[in-house]
There are 2 protein chains.
Amino acid sequence: MATNKTPEFLPGTLDMLILKTLTRASNHGYGIAQYIQKVSNEALRIGEGSLYPALQRLLVNGWVEAEWGISETGRRVRIYRLTAGGRKQLAREVAEFDYLIAGIARVMEGA
Amino acid sequence: MATNKTPEFLPGTLDMLILKTLTRASNHGYGIAQYIQKVSNEALRIGEGSLYPALQRLLVNGWVEAEWGISETGRRVRIYRLTAGGRKQLAREVAEFDYLIAGIARVMEGA
DNA sequence: TGCCAATACCTCGATTGTCGATGCCTACAT
DNA sequence: ATGTAGGCATCGACAATCGAGGTATTGGCA
């Protein structure tokens with residue numbers, strides 16, 4: 001009934017998740033989304049309408065680099081690789097995220 | 001200390017924080033923001049441009065009720081009180097939040 | 001007295017991020 | 001031949017946050 005406009009996703013964390021995913025291995029867009037969805041136990045679903053704009057952001061900021069290639073299944077893919085700047089950015093985002101989560105936790109626990 | 005550029009706020013969590021705050025005591029808008037900021041150790045700053053629209057949302061949805069009154073300091077204030085529906089909504093939001101955070105944690109820990 | 005900071009309410013416009021839909025193309029299986 | 005899944009991407013709608021602005025009252029201080 002209604003009204004399930006489930007957030008699906010915690011806004012503002014997508015870039016961090018993508019960067020983190022790329023620390024394990026370079027990957028193409030679709031594969032990144034699949035990985036996140038699988039590892040998160042289906043809790044996080046990255047729609048393509050969120051994914052590709054996010055990758056564009058990361059490219060523009062220089063956090064990742066892209067290269068066209070061919071996947072194992074023979075398809076044309078754009079492979080993203082984390083840059084040195086991307087690693088630093090990830091560290092920053094993780095720090096910020098942990099900081100905010102800690103703040104939220106304090107409120108929610110009613111310390 | 002607080003970061004300077006884009007400390008921001010974790011989007012999508014404001015309603016939950018407000019509802020949670022009101023479980024401790026009815027309060028007025030400004031007081032709610034102060035409480036969250038203080039308890040979170042200054043990690044969360046709720047701007048008034050976010051606060052009041054959020055309270056409107058909660059009112060419209062019936063999660064809170066409002067009443068005009070006078071604060072201890074003698075000022076005209078609008079006091080918000082959690083409704084039964086608000087309690088249920090809070091439970092829902094907490095469940096969703098925990099679910100998403102768990103998903104994020106799995107990705108970030110690279111299980 | 002005059003002034004200003006803090007309290008307290010609220011609105012507006014700009015910006016950003018996510019979502020659903022759509023479109024295109026290729027590989028593979030039925 | 002047809003459909004399903006992989007893969008890229010963009011578009012417009014929508015919602016939430018942010019900064020700035022506006023009003024008003026209280027209390028302190030010079």
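Lettering follows sequence order; numbering is per chain, from 1. Quantities reported herein were computed from a predicted structural model and do not represent experimental measurements.
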Seminar exercise, completed: Regarding the side chain of B:Y52, the nearest nucleotide among D:dT10, C:dC10, C:dT18 is C:dC10
For this session: Please state how far atom CD in A:Q56 lies from atom P in D:dC11, giving the value in whole angstrom units.
Result: 11 Å
For this session: Could you tell me whether the side chain of A:E42 reaches within less than 4.5 Å of the side chain of A:Q37, counting heavy atoms only?
Result: yes
Exercise. Do the non-hydrogen side-chain atoms of B:I32 and B:Y35 ever get within less than 4.5 Å of each other?
Worked result: no
For this session: Could you tell me the separation between the CZ atom of A:F9 and the P atom of C:dG20, rounded to a whole number of Å?
Result: 13 Å
For this session: Give B:G31 one of three labels, base, sugar-phosphate or nothing, depending on what nucleic acid heavy atoms sit under 4.0 Å from its own.
Result: nothing
Considering only distance and modelled atom types, tabulate donor-acceptor pairs under 3.5 Å from the side chains of residues 56-63 of chain B, sequence neighbours left out.
from, atom 1, to, atom 2, distance (Å)
B:R57, NE, B:D15, OD1, 3.4
B:R57, NE, B:D15, OD2, 3.3
B:R57, NH2, B:D15, OD1, 2.7
B:N61, ND2, B:R57, O, 3.0

Problem set entry | Phosphate contact (C:dC19 OP1 or OP2) by A:S50 side-chain N/O below 4.0 Å | yes
Exercise. Once you round it to whole Å, what is the distance between P of D:dA15 and CG of B:D15?
Worked result: 13 Å
Exercise. More than 12 non-hydrogen atoms from neighbouring residues, nucleotides or ligands closer than 6.0 Å to CZ on A:R76, yes or no?
Worked result: no
For this session: Establish whether the base of C:dC19 is bridged to the side chain of A:E48 by a donor-acceptor pair shorter than 3.5 Å.
Result: no
For this session: Let me know the distance between CG of B:L44 and C1' of D:dT17, rounded to the nearest Å.
Result: 14 Å
Exercise. Roughly, in whole Å, what's the span from NZ in B:K38 to P in C:dA6?
Worked result: 18 Å
For this session: Please answer whether the main-chain N or O of B:I46 pairs with a side-chain N or O of B:S50 as donor and acceptor at a distance below 3.5 Å.
Result: no
Exercise. So do the side chains of B:M108 and A:F97 get within less than 4.5 Å of each other, counting heavy atoms only?
Worked result: no
Exercise. Heavy atom of residues 67-83 of chain A under 4.0 Å from DNA chain D: which residues?
Worked result: A:W68, A:S71, A:T73, A:R75, A:V77, A:R78, A:Y80
Problem set entry | B:H28 NE2 to C:dA6 P, straight-line distance once rounded to whole Å | 17 Å
Problem set entry | Spacing between A:I32 atom CD1 and D:dC8 atom C1', to the nearest angstrom | 13 Å
Exercise. Heavy atoms, side chains only, cut-off 4.5 Å: are A:L44 and A:F9 in contact?
Worked result: yes
Seminar exercise, completed: Rounded to whole Å, CG of A:L59 lies from C1' of D:dA9 at a distance of 13 Å
Problem set entry | Sugar-phosphate only, base, or nothing, as touched by A:G49 at under 4.0 Å among non-hydrogen atoms | base
For this session: Between B:L55 and A:I46, just flag the one whose closest nucleotide in DNA chain C comes earlier from the 5' side.
Result: B:L55
For this session: Mind checking A:G12 for me? I need base, sugar-phosphate or nothing, with any heavy atom below 4.0 Å counting as a touch.
Result: sugar-phosphate
